[in-house]
Protein chains: 2
Amino acid sequence: MTVVWQCQGVTSPAAPAGAVRQGSLRELNLALVLGRIAAARRPPSRAALAADTGLTRATVSAVVEDLVAGRLVTEADPTPRAGAGRPARGLMLAGDGPAGLGLEINVDYLAACVVDLAGQVRHHTVHRADLRPVSPAEALGQLAELAGRARVDAEAQGLTLAGAALGVPGLVDDAGRVRLAPNLGWRDVPVPELLADYPPLTERVDGVPPLAVDNEANLAALGELHSGTAPGSFLHISGEVGIGAGIVLDGALFRGTRGWSGEIGHIPVRPDGPPCRCGGRGCLELYAGQEAILSAAGLAGADLPADRASTRLTQLAAAEHPAVLHALTEAGTAIGVTVASVVNLLDLDTVVLGGGYAPLTGWLRPPVLAEIERRVLTAAWSPVTVRPATLGATAAAVGAAGSVVRRIIARPGGWLARL
Amino acid sequence: MTVVWQCQGVTSPAAPAGAVRQGSLRELNLALVLGRIAAARRPPSRAALAADTGLTRATVSAVVEDLVAGRLVTEADPTPRAGAGRPARGLMLAGDGPAGLGLEINVDYLAACVVDLAGQVRHHTVHRADLRPVSPAEALGQLAELAGRARVDAEAQGLTLAGAALGVPGLVDDAGRVRLAPNLGWRDVPVPELLADYPPLTERVDGVPPLAVDNEANLAALGELHSGTAPGSFLHISGEVGIGAGIVLDGALFRGTRGWSGEIGHIPVRPDGPPCRCGGRGCLELYAGQEAILSAAGLAGADLPADRASTRLTQLAAAEHPAVLHALTEAGTAIGVTVASVVNLLDLDTVVLGGGYAPLTGWLRPPVLAEIERRVLTAAWSPVTVRPATLGATAAAVGAAGSVVRRIIARPGGWLARL
DNA sequence: GTCATTTAATTCAACCACTGAACAAATAGC
DNA sequence: GCTATTTGTTCAGTGGTTGAATTAAATGAC
């Protein structure tokens, strides 16, 4: 049995922009019902779905039959119900159907994980290594090995991988080429070509590339969206060596005209400030990037590996180290000025601090909120929530895997047609 | 014959998020075909539409029959074609069907206009008057009178008004209440209530309010979108007394969580700059607002009415008045810093300068582009276009009227069901 | 001038998916 | 055991699309 790869991109529009043929009706209702099952707290019955969606029970039954046949949905154990009547058979996402493979390349680690339809992480590997001195080809080779092991493990658990997504800390174009990943030292790296020796990651199925490559900040934001703890629109700021942001609007990632949205690290905080290596002046990264915080805290010479720096900062902050507290307040103020701009522009009510910022949220939040309150015109009527991300350090990998299964949930028709 | 009002909001999602019943199919295809007719350069034939949409010619014929019966589409004069074959009958949006009423209240004028389905402005009235000393109730009374005259004129031309939208220079909530319009001096003005004496503007039809109230910058951006000269995603900056922006993403206005997006005037340019009346410091409005430009140009004492200030600036700039040129360069730089932030964040490739900025584009563009090139990470690969708005001074009124007819084009089913 | 050719639009039987109502299944309460 | 109640399925009916055949209206060759 061959593995089916059908991921063609990370954002899922779910709107049938094109022609609405006869069968589209079924496709839309498959997506509708499956979406409700995915969103429900406890396994809903067919009758409940009918009441919820407005479809008739007959239609829901037919739709569910398709979904069960396609291994997307299973019936839960018959739970004892209160009151009279035939007991409902609860429906839930299948744990043994299609799954998504999520990959991540970052400055100091590689990660691979597998997430099933229900959102459970079924496999997770992190390979710590400084990737800066390694060539892109070699790094991708190591990644492919990780991917291969993840696949074996997934299949041993009865899962079928339905696609893969890869997060990188840089700008990615439509073809999956990494145009620029400054902190990794990559420039114009043709990821799909370099992975050509690993067919499962590159062989096209029906002309669709199996591997989606995207910015890690975008994928981390998607992961946060799918974790169910975030609202439909929010800004997710990833504080790694650089600072990236994922923008989620109305339940969908906003990727911009070329897919290069979220470059929040180079928003000018002080237009006449010190020069940044991007060519601008006074960019946010100069005030709230990892190096800037370490240097302001007097830890510049320590030369910590990137993943240690964050934990070290948290420890010192918890110990109320004065220079660290000051550095975090300064960083928070700079983030707050930038976030105020974003909120004035987009009217978002939630900001999620992710990556290295997540454990520092307790210290960053006060100055961020202070700047928002000072600078956002509508802050008085609509308070802005600032909270830490719920996914851990490899949020991008989990988000990448989640994006694959979310795509199936948003358009089950494509998956079912392949059986 | 009664006037039918069916406008319920300005943004048009067009996606059938809910249940997909039997009839939804027809509704979606009505929207699909009508949308293609609206977007086409020259009147397409049924056959061309079939090829374009992927529907069969039979289906297109049936759909078009409905659209013609509903007065949304008419057949164009049979144009002589090249080559053999039965001549195609071109289809175009009807000029005598439903139309939209657009209204605008601004600091120094009231405007009303009527736009037909094809986007033609069929009626246009501007009433110049300083609205600051006038009470909101009285201003709205004058507006209702303008609206009444527009309606009479529209009906004399055989048009049926299908809804109305009103643009105001301030923040509007879901209920149509103006929460804050600083330059007008309004605060918590319940527009629908104050218009209660003018039933055509407030009587609900099927529980739907006939009048949508929105920010003028949003409506001006929509007008620009519908004029067909702008791409699917762009930033529209309205330079009036204040500075507002409309954000169009993927062909739809982005309104934010509460509908208060686009407050670009209070994005901090210099976080430690002079205090702004919004409570923040160094806001864009302090560097590129009308007063700031006039003051920097040494024209602060002139006390020109708002509409004159813009023309005066244009004249002086054309005459190469040194202080004015300097003031415009300074303003353009501030705008450029802000736009750079927006482009870094959203990856837009087009910025439209509207309102008072439109005639000044020639002088504002160079400094804006210079800042973008310095500060936008991706500027080297994807150049940003900065261009003037194509609609005139009352862009918001035209955009408001356009939003009404665009809603019908996006969801013709609702309109047809009312016949 | 006639006729083949070509393209446009309509007609019609077939089919697909949803609807609504009737029916079967499974439980609680009396 | 019987009824009430709720779940889920079956089935005839219907709306809307499909695809092929047919009609319509022009050009161009002879």
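A note on names: the letters A, B, ... follow the listed sequences, proteins ahead of strands, and every chain is numbered from 1.
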Provide, to the nearest angstrom, the distance between the CG atom belonging to Leu28(A) and the P atom belonging to dC18(C). 10 Å
Between the base of dG8(D) and the side chain of Arg57(A), is one N or O donor paired with an acceptor at under 3.5 angstrom? yes
Can you identify which nucleotide, out of dC18(C), dA9(C), dT5(D), has its nearest atom closest to the Arg46(B) side chain? dA9(C)
Full working for side chain to side chain contact (heavy atoms under 4.5 Å, CB included) between Val114(A) and Val121(A): CA-CA 6 Å; Val114(A) 174; Val121(A) 178; over 6 Å; no
Just how far, in rounded Å, is P of dC16(C) from CG of Leu30(A)? 16 Å
Does Ser45(A) reach a base, just sugar-phosphate, or nothing at all? Heavy atoms under 4.0 Å. sugar-phosphate
Would you say Arg89(B) reaches dA8(C)'s phosphate, i.e. side-chain N/O to OP1/OP2 under 4.0 Å? no
Please give, in whole Å, the distance from dT19(C) P to Leu25(B) CG? 12 Å
Using a heavy-atom cut-off of 4.0 Å across all strands, would you classify Ala58(A) as base, sugar-phosphate, or nothing? base
Respond yes when some side-chain nitrogen or oxygen of Ser61(B) is under 4.0 Å from OP1 or OP2 of dA9(C), and no when none is. no
Rounded to whole Å, CG of Leu49(A) lies from C1' of dT6(D) at a distance of 15 Å
Which whole-number value in Å describes the distance from Leu55(B) CG to dG19(D) P? 11 Å
Heavy-atom closest pair, residues Ser233(B) and Thr257(A): CB-OG1, 4.4 Å
Under a 4.0 Å threshold between the charged nitrogen and the carboxylate oxygen, would Asp174(A) count as salt-bridged to Arg258(A)? no
Round to a whole Å and report the spacing from CG of Leu32(B) to P of dT17(D). 11 Å
Atom-to-atom span, CD of Glu65(A) to C1' of dC16(C) - whole angstrom: 15 Å
Is the shortest side-chain N/O distance from Asn29(A) to OP1 or OP2 of dA17(C) below 4.0 Å? no
Ignoring hydrogens and geometry beyond distance, is the side chain of Arg86(B) in donor-acceptor contact with the base of dA8(C) at under 3.5 Å? yes
Let me know which of Leu72(B), Leu34(B), Asp116(B) forms a side chain to side chain contact (heavy atoms under 4.5 Å, CB included) with Leu93(B). Leu34(B)
Figure out the CD/P separation between Glu75(A) and dT7(D), and round it to whole Å. 14 Å
Run the salt-bridge test on Asp153(A) and Arg122(A) with the 4.0 Å N-O cut-off and return the result as yes or no. no
Is the phosphate of dT18(D) approached by Thr59(B) (side-chain N or O, under 4.0 Å from OP1 or OP2)? yes
